[in-house]
Amino acid sequence: MEEKLPTSLDKKLLPALSALQIRLSLRVRLTPLAQNIETVAGCDVAFTKEAAVAVAVLYRLRDLKLLETALARGPAPLPYIPGFLSFRETPCLLKAIRKLRQKPDVILVDGQGIAHPRGLGLASHLGLMLGIPSIGCAKSKLVGSYKEPAPERGSLSCLFLHHRPVGMVVRTRARVRPVFVSPGHLITLAEAVQIVLKLSPRYRLPEPLRMADRLTKLAKKGRLRPGDDK
DNA sequence: GCGACAG
DNA sequence: ATCTTGTCGC
């Protein structure tokens, strides 16, 4: 006898989560980085039924060298609901990022920063919880409007929401679909864009996100040693 | 009523 | 995101 429908959540849950996002968004700060950035962490999650597996990788920005990796497993609190992704992925991602031996200067996240209906995308949520500067780099947009950027690598086009610039549509590779960059926390849009371009010298997605995505899928299928590379 | 809709 | 074979292109 099935009593609960996977798609029917408590009627009071989403309104409560929306209120929480609005409250948290007021704490997000879009300020210039206080110091030079040496390391950037990339993170991603993969799901299997109700379980989630997250991976955090640490890169040295200067030469894009992989310094370390961390893995964590956990449950998926909620199903995927547009606008509430952070409540599904944040728990496991936090565990993985906190496992890194060295604290990253910046966190790069596969999702939106402030380019969100209530100004608190996954990247902003994670940065705020950790108190670390964060950048949102999504493969597609959630909200806002923009003009298609030029086909050359490095071309930019502002993403607007309510007449306000909340992100930048960035062409990281010539003639390839652009990515959507938005500041998460403790960083400016301009700084976020520069870092993403620096981390994407050859492929559409920044190296940290490509690596995190690859490791996350390896961990889901085959086995992945606690401390393993490539 | 008709689209849009991070992962 | 996840489910999946072959296939077009550099």
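So that the names make sense, note that chain A is the first sequence line, chain B the second, and so on, each numbered from 1. None of the values given here were measured: they were computed from a predicted structure.
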Subject >> A/E68/A/K99 salt bridge by N-O under 4.0 Å criterion >> reply: no

**OP:** Take the protein atom OH of A/Y146 and the nucleotide atom P of B/dA4, then report the distance between them rounded to whole Å.
**Re:** 12 Å

Subject >> A/S140 side chain near B/dC5 phosphate (N/O to OP1/OP2, under 4.0 Å) >> reply: no

Original post:
Do A/Y80 and the base of B/dG7 stack face to face, with centres under 5.5 Å apart and an angle between planes under 30°?
Top reply: yes

**OP:** Quick one: label A/F84 by what it contacts on the DNA or RNA (base, sugar-phosphate, nothing), any heavy atom closer than 4.0 Å.
**Re:** base

**OP:** Describe the nucleic acid contact of A/A115 in one word from base, sugar-phosphate, nothing, applying a heavy-atom distance below 4.0 Å.
**Re:** nothing

**OP:** Using a 4.5 Å cut-off on heavy atoms from C-beta on, say whether the side chain of A/L189 contacts that of A/L30.
**Re:** no

Original post:
For A/D213 and B/dA6, what is the distance between atoms CG and C1' respectively, to the nearest whole Å?
Top reply: 14 Å

Original post:
Given atom CG of A/L142 and atom C1' of B/dG3, what is their separation to the nearest angstrom?
Top reply: 15 Å

Original post:
Is A/F47 touching bases, backbone alone, or none of the nucleic acid, heavy atoms closer than 4.0 Å?
Top reply: sugar-phosphate

Original post:
A/P165 versus A/F160: any side-chain heavy-atom pair under 4.5 Å?
Top reply: yes

Original post:
With distance as the sole criterion, is a donor-acceptor pair present between the side chains of A/S18 and A/Q21 under 3.5 Å?
Top reply: no

Which pairs, protein N/O on one side and nucleotides 8-10 of chain C N/O on the other, fall under 3.5 Å?
none

Subject >> Which nucleotide in B/dA6, C/dA1, B/dG7 has an atom nearest any side-chain atom of A/D44 >> reply: B/dG7

Original post:
Taking atom C1' of C/dT2 as reference, at what distance in whole Å does atom NZ of A/K139 sit?
Top reply: 13 Å

Original post:
C/dC3 C1' sits how many Å from A/K49 NZ, rounded?
Top reply: 12 Å

Subject >> Closest non-hydrogen atom pair between A/T216 and A/D44, with its separation >> reply: OG1-O, 3.6 Å

**OP:** For A/K217 and B/dG7, give me the distance from atom NZ to atom C1', rounded to whole Å.
**Re:** 11 Å

Original post:
What integer distance in Å separates A/D110:CG from C/dA1:C1'?
Top reply: 10 Å

Original post:
Checking all strands, does A/G136 fall into the base, sugar-phosphate, or nothing category for heavy-atom contacts under 4.0 angstrom?
Top reply: nothing

Original post:
Looking at A/D110 and A/K139, does any basic side-chain N land under 4.0 Å from a carboxylate oxygen?
Top reply: yes

Original post:
Should the heavy atoms of other residues, nucleotides or ligands under 6.0 Å from CZ of A/R60 be counted, would the total exceed 12?
Top reply: yes

**OP:** Could you please name the option among B/dC5, C/dT2, C/dA1 that lies closest to any side-chain atom of A/K220?
**Re:** C/dT2

**OP:** Specify the separation, in whole Å, of atom CG of A/L78 and atom P of C/dA1.
**Re:** 19 Å

